[in-house]
Amino acid sequence: FCAPENINVDSPIQGDIFRVMVNYYSEHSYSGVTRPSVNIYCGGDLRASFGARGDVELVNGSGSGSSNDNWMVADVTFYTDECGDLTCAVEPLDTIIQGDAFGPPWSVFDL
């Protein structure tokens, strides 16, 4: 599959945190590693780029879905800057795990 996927947050709220993750869901008859790249934009401006050098490699485990490699790319937090504009901060995670879980449980909500 050689087409980009885009995810947009149209109206983030100050303090919102989003985790950016890539899951090697299925190999679809492809045998080998895949080298994903991720660009993160805030307000139309490129804030971070990960994997563009081909240094991130994901492999298919033994099936599909969460049993394959999961790349925790970054956490993105929205905040208001000194000019009063909503923008974001990107915290790199750069962690690859393989298994049934997409990573440690976390939530931005107080329940």
Side-chain angles (χ1 to χ4, degrees):
F1 186 74
C2 296
E5 294 183 36
N6 293 299
I7 299 169
N8 298 293
V9 179
D10 293 330
S11 300
I13 299 170
Q14 176 162 313
D16 277 355
I17 302 171
F18 295 88
R19 176 152 294 165
V20 179
M21 185 196 87
V22 175
N23 168 247
Y24 190 158
Y25 185 79
S26 176
E27 60 188 17
H28 297 290
S29 301
Y30 169 76
S31 179
V33 300
T34 188
R35 292 176 179 85
S37 62
V38 172
N39 292 321
I40 298 174
Y41 293 82
C42 293
D45 298 323
L46 180 63
R47 297 297 176 145
S49 186
F50 302 93
R53 295 185 312 247
D55 53 347
V56 176
E57 294 184 349
L58 302 182
V59 297
N60 187 357
S62 59
S64 64
S66 62
S67 64
N68 298 329
D69 278 356
N70 302 289
W71 176 28
M72 307 305 157
V73 180
D75 284 345
V76 180
T77 304
F78 289 88
Y79 68 95
T80 302
D81 67 13
E82 62 276 357
C83 295
D85 296 322
L86 189 65
T87 188
C88 73
V90 179
E91 181 180 337
L93 299 173
D94 200 26
T95 302
I96 297 174
I97 63 170
Q98 187 178 64
D100 293 330
F102 285 132
W106 69 286
S107 175
V108 297
F109 301 104
D110 292 324
L111 300 177

Exercise for the section: With sequence neighbours left out, write down each residue that passes side-chain hydrogen bond (donor to acceptor under 3.5 Å, both in side chains) with Thr95, or none if nothing qualifies. Expected result: none
Practice task
Determine whether Cys42 and Asp45 make a side-chain contact, defined as any pair of heavy atoms from C-beta on separated by less than 4.5 Å.
Solution key: no
Handout entry: Approximate separation, where rounding is to 0.5 Å, of Gln14 CD and Tyr79 OH
Key = 10.0 Å
Exercise for the section: Answer with yes or no whether the side chains of Asp81 and Thr87 bring together a donor and an acceptor at under 3.5 Å. Expected result: no
Exercise for the section: Verify side-chain contact (heavy atoms from CB on, under 4.5 Å) between Trp71 and Ile97, making sure each step is shown before the conclusion. Expected result: CA-CA 7 Å; Trp71 176 28; Ile97 63 170; over 6 Å; no
Exercise for the section: Supply the atom-to-atom distance Leu46 CG to Ile40 CD1, rounded to the nearest 0.5 angstrom. Expected result: 9.0 Å
Handout entry: Side-chain (Glu91) to main-chain (Asp75) donor-acceptor, under 3.5 angstrom
Key = no
Exercise for the section: For residues Ile96 and Leu58, determine if any side-chain heavy atom of one lies less than 4.5 Å from a side-chain heavy atom of the other. Expected result: yes
Fill in the blank from the handout: Of all heavy-atom pairs linking Ala74 and Pro92, the shortest is CB-CA, 4.1 Å
Practice task
Answer whether the closest heavy-atom distance between the side chains of Asn39 and Arg47 falls below 4.5 Å.
Solution key: no
Handout entry: Residues that Asp55 engages under salt bridge (Lys or Arg N to Asp or Glu O under 4.0 Å), provided they are two or more places apart
Key = Arg53
Handout entry: Any side-chain heavy-atom pair of Val38 and Ser49 under 4.5 Å
Key = no
Exercise for the section: With the side chain counted from C-beta on, respond yes when Val22 and Asn70 share a heavy-atom pair under 4.5 Å apart, and no when they do not. Expected result: no
Exercise for the section: Show the numbers, then the answer: is there a side-chain contact (heavy atoms from CB on, under 4.5 Å) between Phe50 and Val56? Expected result: CA-CA 8 Å; Phe50 302 93; Val56 176; 6.0 Å; no
Problem - Residue pair Val76 / Ile17, side-chain heavy-atom distance below 4.5 Å - result: no
Handout entry: Check against side-chain contact (heavy atoms from CB on, under 4.5 Å), Met72 and Asp94
Key = CA-CA 6 Å; Met72 307 305 157; Asp94 200 26; over 6 Å; no
Fill in the blank from the handout: Residues Phe78 and Ile13: closest non-hydrogen pair is CB-O, 3.8 Å
Practice task
Start with the C-alpha distance between Thr34 and Glu57, add both sets of side-chain angles, then the distance that settles side-chain contact (heavy atoms from CB on, under 4.5 Å), and finish with yes or no.
Solution key: CA-CA 6 Å; Thr34 188; Glu57 294 184 349; over 6 Å; no
Practice task
Side-chain contact test, heavy atoms from C-beta onward, threshold under 4.5 Å: evaluate it for Thr77 versus Asp16 and give yes or no.
Solution key: no
Problem - Spacing of Cys88 atom SG and Tyr41 atom OH [to the nearest 0.5 Å] - result: 12.5 Å
